[in-house]
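Here is the naming used below: chain letters follow the sequence lines, and residue numbers restart at 1 for every chain. From a predicted model like this one, the values you see are computed outputs, not experimental measurements.
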Amino acid sequence: MGVKQDNADPGQILPPIEQELSNELDPKLKKYLRGEGTNLEVLKDKKLKSQLSVREELYGISAKAAAKAEEWLMPSEGGYLEVEGIEKPWRINQHSISSEINISSLKNQHDIIIPDLGPYTLDFNSSGRYMAVAGRKGHLAVLDMKNMSLIKEMQVRETVRDIVFLHNELFFAAAQKKYPYIYNRDGIELHCLKEHGSVLRLQFLKSHFLLASINKFGQLHYQDVTMGEMIGNIRTGLGRSDVMQVNPFNGVVALGHSGGTVSMWKPTSAAPLVKMLCHPGPVSAMAFHPNGHLMATSGKERKIKIWDLRKFEVLQTIPGHARALDFSQKGLLAAGNGSFVQIFGDLSESQHYSRYMGHSMVKGYQIGKVLFRPYEDVLVLGHSMGWSSILIPGSGEPNFDTWVANPYETSKQRREKEVRSLLDKLPSETIMLNPSKIGTMRPVKKKEKQTKQEIAAEMEAAVEAVKDTAFKNKTKGRNKASKRAKKRKELIERVKRPLLERQLKEDEKLAKKPKISEKENALPTALQRFASKKATA
Amino acid sequence: MKVKVISRSTDEFTRERSQDLQRVFRNFDPNLRPQEKAIEYVRALNAAKLEKIFARPFIGAMDGHIDAVSCMAKNPNYLKGIFSGSMDGDIRLWDMASRRTVCQFPGHQGAVRGLAASTDGRTLVSCGTDCTVRLWNVPVATIVESDDSSNCTAEPLAVYSGNNAFWDVDHQWDGELFATAGAQVDIWNHNRSQPINSFEWGTDTVISVRFNPGEPNLLATSASDRSITLYDLRVSSPARKLIMRTKTNSIAWNPMEPMNFTAANEDCNCYSYDARKLDEAKCVHKDHVSAVMDIDFSPTGREFVTGSYDRTVRIFQYNGGHSREIYHTKRMQRVFCVKFSCDASYIISGSDDTNLRLWKAKASEQLGVLLPRERKRHEYHEAVKNRYKHLPEVKRIVRHRHLPKPIYKAASLRRTMTEAEGGKKKEGKLIVLQEVLPLNHYVKEESSKKLSELWHYQLL
């Protein structure tokens with residue numbers, strides 16, 4: 001709103017270059033304005049109106065500054081893949097890409113084959129620099145992806161079903177055979193979380209410092225890792241599910257069940273926030289878009305559905321299997337199935353996903369997990385023989401914000417960030433479907449009971465409406481004054497009657513309650529026989 | 001086929017030498033920051049709590065007087081000093097930084113009722129119940145602070161006596177006249193021993209007088225017949241009179257909007273008026289539970305401080321109906337005079353227990369020179385707290401003030417009384433706290449000229 005006012009100001013006639021620039025910046029401005037401006041015309045309070053208009057102007061100025069910064073001040077540019085002629089992008093494989101890009105990016109294209117330690121699952125920390133890897137047969141490792149070095153690896157000699165980083169790369173949690181354990185970067189076991197039971201999947205809510213887990217019996221546990229408190233312990237009642245994802249936009253945990261339903265949970269309530277029937281068969285994988293509005297689910301009936309979470313409607317159905325799904329920071333969707341991974345993208349910015357790229361591995365390798373690396377154009381696949389890292393141009397966000405996630409973090413910066421994020425730790429009550437509602441006002445509920453003045457006013461208004469009706473002039477001696485007055489009086493009473501009846505009913509309701517207690521307080525039990533007989537009769 | 005993948009070179013993103021600063025890159029995209037409103041809410045809560053932790057407004061007490069402090073005066077040219085006069089006739093000049101007496105003037109025979117410093121800060125005018133007006137020479141502060149009480153004059157510059165006790169004195173902001181209030185309003189010149197002019201309207205004593213900061217010839221007085229009168233020196237007759245229900249103890253003009261003044265009344269309220277339009281109050285400031293004794297505006301014109309008979313000092317916003325801050329101590333008894341320091345950071349209160357107390361205007365302010373980072377952090381805390389201050393948890397912490405029990409009880413009693421009268425209409429959402437009182441007063445006009453014609457300047 002502030003933008004529009006600015007451009008329409010007749011006093012400001014911009015030179016043509018600046019006009020062009022402002023036209024370019026307009027679509028970007030929308031992103032930074034964070035919603036529509038308020039309508040200030042309906043306000044009657046002048047002081048409030050002036051205060052709010054100053055604020056709206058400030059929003060416009062800051063949005064413009066942010067848009068200009070995005071235009072001119074960003075250090076890196078995003079990746080892209082442009083095909084010429086009759087080439088199709090999904091026919092291009094990693095080998096042809098590798099011959100065109102610079103050498104420093106080649107190290108991100110690799111396969112690590114560890115044949116006997118089982119299907120691998122993996123997790124990245126928030127900046128994308130560190131990766132935690134877990135093999136089913138008990139192999140845990142933490143790697144530094146910048147330097148391609150191994151920080152620590154260990155063998156826990158138990159089945160490991162899932163692994164997740166906590167707020168830092170210093171701590172990670174592994175869902176082992178009987179209980180989940182929390183380890184240090186040096187491999188020291190810090191905690192054994194017995195309450196969770198045999199966990200199938202783990203997720204970490206970064207801003208709330210909550211470790212969420214779903215176990216064999218379908219119980220959802222939320223544990224606060226700062227104080228160690230168990231915040232939520234919910235029996236979902238929907239059976240065993242091994243599909244669990246966190247929506248990064250609002251912090252709700254979504255579970256996919258074998259009946260085809262997806263349920264969304266928050267730690268403070270025992271009932272799910274939302275339960276939606278997504279597929280006719282079991283849900284096999286699920287992923288959330290970082291902006292929080294899109295969700296992709298895949299079912300065993302060979303369909304991948306893309307949902308709009310604001311309206312809970314299907315936007316698009318893509319045919320195909322997917323055992324693993326993931327959205328990238330730029331909105332590309334990776335679907336892994338068997339030894340083949342398919343990447344979809346909304347290339348024309350119309351929220352319609354079409355085939356973008358694909359990659360097939362050696363036949364026989366079963367892909368269990370796909371994960372896009374934050375702030376890089378890299379997709380890492382965890383499969384039954386290890387993990388592979390491939391390049392997907394245009395999938396990562398090129399410019400990071402140092403205060404949010406910094407891939408070049410030093411240890412001092414990491415410590416500062418830990419302290420600051422602990423200060424900003426969100427209480428678990430802020431998990432809700434629409435987090436932008438915090439700080440807004442609830443609409444005032446209309447009071448059902450009318451005050452005496454309002455009742456009197458209503459009655460007066462009704463009487464006023466009827467008072468001046470003209471009566472027909474009767475002849476032959478039937479038009480007596482007394483009769484006319486009587487008729488008028490009756491008309492007014494008729495109009496008043498429904499209002500009075502309503503009032504009487506309300507008074508009765510109010511009078512009923514004290515009557516009972518009155519009766520009880522009337523006489524003590526010893527003197528009850530002297531109570532008047534009328535009451536009993 | 002054209003391909004490009006994100007590739008960053010480490011040198012671009014890390015510092016070259018350990019003496020360099022670390023590099024910071026920003027991306028303001030809202031998609032990178034999920035749940036920003038919740039994080040801001042948590043920060044607002046933390047900021048409110050921090051503010052309460054650091055809220056230590058009392059700096060120190062200046063004691064030396066042996067009787068109640070009845071009046072104070074600011075020196076416009078010297079920020080550090082403040083004059084105070086007590087009920088036994090003692091006048092002292094204090095240095096606020098060290099909280100010690102710089103100079104002690106011998107003073108009056110009876111109570112000192114009014115103090116005012118001249119425009120150049122060299123002369124101090126005092127008046128008292130011994131029917132005299134005395135002029136004193138103020139020692140000029142030197143860079144090298146010599147012995148404190150060396151250069152104090154024992155003799156006043158001049159002593160002018162009148163017929164009746166004087167109740168208040170005020171000096172013109174930009175001239176050489178001063179006015180005294182007593183049986184009537186007298187206008188004096190420094191060099192004349194008799195008033196050059198006298199005004200009278202009615203037969204009651206005039207208890208306070210204040211010159212307007214912007215219009216040097218305009219002054220407002222309040223009398224014991226519950227009236228506020230505006231005088232213009234050029235016309236040499238009173239211009240307007242406003243009669244209220246209860247007596248006004250003190251008046252203060254807003255230094256930034258000199259057509260507005262606020263009157264501290266006996267009925268525990270302060271009334272802000274526009275001097276051009278006296279038929280309705282611009283704002284009623286309600287929060288004290290006993291008579292408001294003194295009022296002073298901050299030099300920013302945005303806040304004013306009031307001292308009341310109920311042992312508290314309150315700070316109000318210039319357009320706010322309720323106080324934003326209250327200061328009280330067990331040791332501070334009835335507050336008779338308050339002043340806002342000239343740099344808008346401190347408040348000085350003079351009370352019945354012979355002490356002058358120095359307070360901070362903003363209770364949790366960090367005094368001294370702030371680093372730019374500290375200042376930014378404070379500003380951020382203020383801004384985020386203001387954005388979420390209507391939410392119940394934050395509001396509860398921000399509003400919380402400890403009140404002494406008698407004041408708490410008196411305030412709740414007043415609240416029940418006004419509610420029983422059916423005072424406020426509740427709209428359900430934001431309640432605008434401005435009230436208009438048509439019945440409390442009526443206006444009499446003496447001069448035919450409209451007061452608004454006498455004003456020569458505009459609102460900026």
Taking B:His390 for its side chain and A:Thr440 for its backbone only, find out whether a donor-acceptor pair lies under 3.5 Å. no

Segment of B:Phe25 engaging chain A (4.5 angstrom heavy-atom cut-off): both

Minimum heavy-atom separation for A:Met74 to B:Asn27, with atom names? CE-OD1, 3.5 Å

Residue, of A:Leu391, A:Ile392, A:Thr430, A:Asp377, that accumulates the most heavy atom pairs under 4.5 Å with chain B: A:Asp377

Please determine whether a side-chain nitrogen of the Lys or Arg among A:Glu82 and B:Lys4 lies less than 4.0 Å from a carboxylate oxygen of the Asp or Glu. no

Output the distance between atom CD1 (B:Ile6) and atom CZ (A:Phe400), rounded to the nearest 0.5 Å. 11.0 Å

Could you have a look at B:Glu40, B:Arg387, B:Glu36 and say which one has the most heavy-atom pairs with chain A under 4.5 angstrom? B:Glu36

So for A:Thr410, is it side chain, backbone, both, or neither that comes closer than 4.5 Å to the heavy atoms of chain B? side chain

Counting only non-hydrogen atoms closer than 4.5 Å, does A:Gln413 touch chain B with its backbone (N, CA, C, O), its side chain (CB onward), both, or neither? side chain

Using side-chain heavy atoms (C-beta onward) and a distance below 4.5 Å, is B:Met1 in contact with A:Ile92? yes

B:Glu16 atom CD: more than 12 heavy-atom contacts under 6.0 Å: no

So which atom in B:Ala38 and which in A:Ile438 form the shortest heavy-atom distance, rounded to 0.1 Å? CB-CD1, 3.6 Å

Verify, without hydrogens or angle tests, whether B:Arg8 (side chain) and A:Pro398 (backbone) share a donor-acceptor contact under 3.5 angstrom. yes

Please check if atom NZ in B:Lys277 has more than 12 non-hydrogen atoms from other residues, nucleotides or ligands closer than 6.0 Å. no

Is any NZ, NE, NH1 or NH2 atom of the basic residue among B:Lys2 and A:Glu84 found under 4.0 Å from an Asp or Glu carboxylate oxygen of the other? no

Report, as yes or no, whether the 6.0 Å neighbourhood of atom NZ on B:Lys52 holds more than 12 heavy atoms from other residues, nucleotides or ligands. yes

Side chain / backbone / both / neither for B:Leu32 at chain A, heavy atoms under 4.5 Å: both

When you measure from the side chain of A:Asp401 to the backbone of B:Phe28, do you find a donor-acceptor pair of N or O atoms at a distance under 3.5 Å? no

Please determine, among A:Ile101, A:Asn406, A:Asn250, A:Leu73, the option with the most heavy-atom pairs under 4.5 Å with chain B. A:Asn250

State, with a plain yes or no, whether a side-chain heavy atom of B:Asp29 is found less than 4.5 Å away from one of A:Glu70. no

Rounding to 0.5 Å, atoms CD (B:Gln35) and NZ (A:Lys206) come to a distance of 12.5 Å

Quick check on B:Arg23: does its CZ atom have over 12 non-hydrogen neighbours (other residues, nucleotides or ligands) under 6.0 Å away? yes

Any side-chain heavy-atom pair of A:Tyr408 and B:Thr10 under 4.5 Å: yes

Check: A:Ser76 and B:Phe13 side chains under 4.5 Å, non-hydrogen atoms: yes

Part of B:Glu12 lying under 4.5 Å from any heavy atom of chain A: side chain

Sort out for me which of B:Pro30, B:Ala44, B:Ser9, B:Ser7 touches chain A most, counting heavy-atom pairs under 4.5 Å. B:Pro30

Below 4.5 Å from any heavy atom of chain B, which atoms of A:Lys425 appear? Answer side chain, backbone, both or neither. backbone

Are there more than 12 heavy atoms of other residues, nucleotides or ligands under 6.0 Å from atom NZ of A:Lys437? no

For chain A, find which of B:Val24, B:Val394, B:Leu45 contributes the most heavy-atom pairs closer than 4.5 angstrom. B:Val24

Heavy-atom pairs under 4.5 Å with chain B, option from A:Val83, A:Asn291, A:Asn102 with the top count: A:Asn102

Counting only non-hydrogen atoms closer than 4.5 Å, does A:His208 touch chain B with its backbone (N, CA, C, O), its side chain (CB onward), both, or neither? side chain

Just by distance, no angles: are the side chains of B:Asn31 and A:Gln329 close enough, under 3.5 Å, to form a donor-acceptor pair? no

Just jot down the ring-ring contact (aromatic ring centres under 6.0 Å, His included) partners of A:His293, sequence neighbours excluded, or say none. A:Phe249

Kindly check if the number of other-residue, nucleotide or ligand heavy atoms within 6.0 Å of CZ (A:Arg91) is above 12? no

Measure distances from B:Arg33 to the heavy atoms of chain A and classify the residue's part below 4.5 Å as side chain, backbone, both or neither. side chain

Taking everything shown except A:Glu100 itself, do over 12 heavy atoms lie less than 6.0 Å from its CD? yes

Looking at A:Arg55, I want to see if its CZ is surrounded by more than 12 non-hydrogen atoms of other residues, nucleotides or ligands under 6.0 Å. no

